[in-house]
Amino acid sequence: MTETLKSAEKFVFLIIASIPNGKVTSYGQIARMAGIPSHARLVGRIISRLPKDTDLPWHRVVDSQGRITNPNELKQREKLEQEGVTVINGKINLRHYRWKP
DNA sequence: TGTTTGACGGACA
DNA sequence: CTGTCCGCCAAAC
């Protein structure tokens with residue numbers, strides 16, 4: 001129900017906040033961890049609405065193929081490289097940087 | 001109130 | 001590799 005999604009959204013924030021520095025995860029991964037598989041888009045929407053002064057490491061979230069889908073990918077890329085994540089051609093090697101709790 | 005859109009994902013061609 | 005289709009759902013039209 002919408003009730004499930006409601007509580008799941010809270011988890012989404014907690015999950016994103018717990019992504020370790022230098023690691024990345026995907027929208028779908030977060031959705032699954034939050035207990036709402038196939039709702040990756042919801043996660044994307046939540047992140048897109050975050051205030052720019054948020055503390056959440058939204059830049060550590062990419063799509064399932066390790067690609068940056070952020071409208072302002074340049075900014076995200078800088079933040080990632082700043083913590084040691086190599087971004088090649090707008091893509092990240094998930095094999096190496098995937099966050100696996 | 002109905003339709004479109006979007007920081008997604010996975011299956012297919 | 002690129003492009004299409006469909007599922008999902010809140011917000012914007």
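All figures in this text were calculated on a predicted structure; none of them were measured in a lab. Letters A, B, ... are given to chains in the order of the sequence lines, protein chains preceding strands, and every chain is numbered from 1.
We find the OG-CZ distance between Ser26(A) and Arg67(A) to be 15.0 Å, quoted to the nearest 0.5 Å. Ile16(A) contributes atom CD1, which lies 6.5 Å from atom CG of Leu50(A) (distance to the nearest 0.5 angstrom). Atoms CD1 and CZ, on Ile92(A) and Arg60(A) in that order, are 11.5 Å from each other to the nearest 0.5 Å.
Between the CZ atom of Arg49(A) and the C1' atom of dC9(C) there is a distance of 10 Å, given to the nearest Å. Whole-Å rounding puts the Lys6(A) NZ to dA10(C) P distance at 10 Å. Rounded to whole angstrom, the span from the OH atom of Tyr27(A) across to the C1' atom of dA10(C) amounts to 17 Å. Note: CG (Asp63(A)) to C1' (dC8(B)) measures 7 Å, nearest angstrom. Rounded to whole angstrom, the span from the CH2 atom of Trp58(A) across to the P atom of dG6(B) amounts to 19 Å. Note: CD1 (Ile68(A)) to P (dA7(B)) measures 14 Å, nearest angstrom.
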Pairs under 3.5 angstrom, nitrogen or oxygen only, protein versus nucleotides 4-8 of chain C, please.
| from | atom 1 | to | atom 2 | distance (Å) |
| --- | --- | --- | --- | --- |
| dG7(C) | O6 | Arg41(A) | NH1 | 3.2 |
| dC8(C) | O3' | His39(A) | NE2 | 3.0 |

Identify the pairs formed between an N or O of the protein and an N or O of nucleotides 10-13 of chain B at a distance under 3.5 Å, and give each distance.
| from | atom 1 | to | atom 2 | distance (Å) |
| --- | --- | --- | --- | --- |
| dG10(B) | OP2 | Ser64(A) | OG | 3.1 |

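Within 6.0 Å of CD on Gln65(A) lie no more than 12 heavy atoms contributed by other residues, nucleotides or ligands.
Taken residue by residue, residues 83-96 of chain A places no heavy atom nearer than 4.0 Å to DNA chain B.
No side-chain N or O of Glu78(A) forms a donor-acceptor pair with one of His59(A) less than 3.5 Å apart.
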Tell me, with the steps shown, if Ile68(A) and Arg77(A) meet side chain to side chain contact (heavy atoms under 4.5 Å, CB included). CA-CA 8 Å; Ile68(A) 293 176; Arg77(A) 178 178 169 179; 4.3 Å; yes

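When the P atom is used for both dC8(C) and dT1(B), the distance is 23 Å, rounded to whole Å.
When heavy atoms are screened at a 4.0 angstrom cut-off, Asn70(A) is found touching base atoms of the nucleic acid.
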